[in-house]
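Since the structure comes first, as structure tokens, the remarks are kept for the end.
The analysis underlying the following values was restricted to heavy atoms, covering all of them including side chains, and did not include hydrogens, waters or symmetry mates. These numbers come from a predicted model, not from an experiment. First listed ligand is number 1; within each ligand, the first listed atom is number 1.
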Amino acid sequence: MKLLVIGSGGREHAISKKLLASPLVSDVYCAPGNPGMSHDGIQLVGIEQRDHSGLIDFAMTQQIDWTFVGPEQPLVAGIVDDFEKAGLRVFGPNKACAQIEGSKEFAKELMVRHKIPTGDYQVFDQLAEAVAYVEMKGMPLVLKADGLAEGKGVIIPETEEEAILALGELLGGRFGDSSKRVVIEEFIVGEEFSLLAFVHQGRIYPLEIAQDHKRVFEGDTGLNTGGMGAYCPVPQIAAEMIETAIEKILRPTIAGLKADGYDYTGVLYAGLIATQDGPKVIEFNARMGDPETQVLLEHMTSDLAEVITGILGNQEVTITWDNAHVHLGVMVAAKGYPESYSKGVALPDLRESRQAVYYSGVDQVDGKLVSAGGRVFIMVGKGRTISEAQTAIYQALNQLNLDEFHYRKDIGFKGLK
Ligand code: GLY
């Protein structure tokens, strides 16, 4: 098979590499991809993810068997609808289904309609009403831009004053149309984990759970980022909690969507909090997580190309995992990220690394990789325990000259307790 992956980050690097490892696959193209991916034999296609007709032309000319859409923006913009109209097979939700991530209000209404456990909320488009609600409820609260905001649309203010200021900024157009409406939500206490599933025609195939580290500094302190590391599985989340999440959240969500006229295909990502009353949803995404994907696909022993082909062909598939190991990934970011940071910093040559490396914000200058974004690359390793996996990864990172970069030294810490 010849396959196309759309996107350009570490998540798409991991998806492409895993697909290319399949004996069923001769070529994996990634559009637009990034130069780090070519170290793994992935072929880069210079077409932007928003250029649906350019991508469709490419898929037709190259006789691509099917396409995997990585990021949320093209999904929310209807790339799946466009590919399907052109008669092309694609793994991802259509525009209507992708609203589950594209509109927080849509997701909340769906959950209320189908009794899926989540926090109380209200939606506002007027500042005065939003402020009155904050004053009435009191802190802690979570503020969310209704639409896509490149992972920056969730704010957890520490004080009422901060909340009111943030609401003014959001409703004042900080994220354009995406923050014209704001969801104000109850703050749910508990440990967060990510449960993803592949979905097609009402069937769901849950993946192993993972845990992301969103704050920039050790001990989950500092600003929110796109993710500083992840690991899977997550031993402190009990099997019963996961089973409840599958039965009371994933299945009723897909069944509820179907009952409402939405036939979901692709990845459903549930961001969950393990509470004393069971799991509760804090967000749904219409795609795989980044950096969860990079550890999940290292942990997966199944052939991903075979799994997705089987799912799209309505066959029963079984997904298998390396149960003898924990996989743990540490993100190496630009110093200063997520605030201002420099680009163009030379990267160490990682082609001989014994640990898996997935690139996100990189560019190529004179044949060498340089940084081109906040999150630059993730290194993923394994061990029989979380501390063994940490040792493997941190020993490898310590041997590199990363003075110009920053990485957290405690990925996996909650699993050690
Ligand atoms: N790791 C969080 C996300 O992908 O949304």
Side-chain angles (χ1 to χ4, degrees), residues 5-15 49 68-76 92-93 98-104 107 118 142 144-156 175 178 183 185 188 191-198 207-216 220 222-234 237 245 249-250 266-273 281-299 327-333 337-338 358-361 373-378 380 407-408 411-412 414-415:
V5 176
I6 294 173
S8 62
R11 167 184 50 210
E12 289 77 27
H13 186 172
I15 294 168
Q49 63 188 35
F68 194 122
V69 186
E72 61 278 19
Q73 295 88 353
L75 294 167
V76 170
Q99 288 181 90
I100 201 159
E101 176 164 6
S103 166
K104 306 292 172 246
T118 187
V142 181
K144 293 181 177 172
D146 180 53
L148 296 184
E150 294 179 351
K152 299 184 185 109
V154 178
I155 297 164
I156 307 177
F175 298 110
S178 285
V183 174
E185 202 177 318
I188 304 173
E191 197 163 327
E192 193 173 336
F193 65 102
S194 309
L195 172 63
L196 286 71
F198 295 148
L207 308 189
E208 186 54 270
I209 64 164
Q211 188 171 65
D212 185 9
H213 296 58
K214 295 207 171 81
R215 302 280 179 156
V216 69
D220 285 346
L223 293 172
N224 255 325
T225 70
M228 296 299 293
Y231 65 107
C232 76
V234 187
I237 305 291
I249 292 172
L250 290 186
V267 179
L268 179 66
Y269 167 136
L272 304 172
I273 302 278
V281 179
I282 51 165
E283 64 173 350
F284 278 125
N285 294 320
R287 48 151 179 101
M288 295 193 79
D290 189 335
E292 290 96 325
T293 304
Q294 293 90 314
V295 294
L296 281 168
L297 294 185
E298 282 291 322
H299 194 61
H327 284 81
L328 185 138
V330 177
M331 184 67 72
V332 175
Y337 170 78
Y358 296 108
Y359 291 100
S360 356
R375 294 191 302 161
V376 181
F377 68 89
I378 189 169
V380 182
Y407 59 87
R408 268 179 67 161
I411 300 301
K414 286 189 192 142

Practice prompt. Can you figure out which of Thr225, Asp212, Asn285 has its heavy atom closest to atom 1 (N) of ligand 1?
Written response: Asp212
Worksheet item: Glu292 to ligand 1: N or O pair under 3.5 Å?
Response: yes
Worksheet item: With a 4.0 Å cut-off, would you call Lys414 and Glu191 a salt bridge?
Response: no
Worksheet item: Going by distance only, is there an N or O of Glu283 that falls short of 3.5 Å from an N or O of ligand 1?
Response: no
Worksheet item: Is Thr118 reaching over with its side chain to a backbone N or O of Val281, donor-acceptor style, under 3.5 angstrom?
Response: yes
Worksheet item: Side chain, backbone, both or neither: which part of Arg287 comes within less than 4.0 Å of ligand 1 when only heavy atoms are counted?
Response: side chain
Fill in: Lys214 side chain reached by Glu192 side chain, heavy atoms, under 4.5 Å
yes
Discussion item. Show the atoms of ligand 1 that are less than 4.0 angstrom away from any heavy atom in Gly289.
Written reply: 4 (O)
Worksheet entry | Any donor-acceptor pair under 3.5 Å from Ser178 side chain to Leu148 backbone | yes
Practice prompt. Identify the two heavy atoms, one from Val295 and one from Leu328, that lie closest to each other, and give their separation to 0.1 Å.
Written response: CG1-C, 3.9 Å
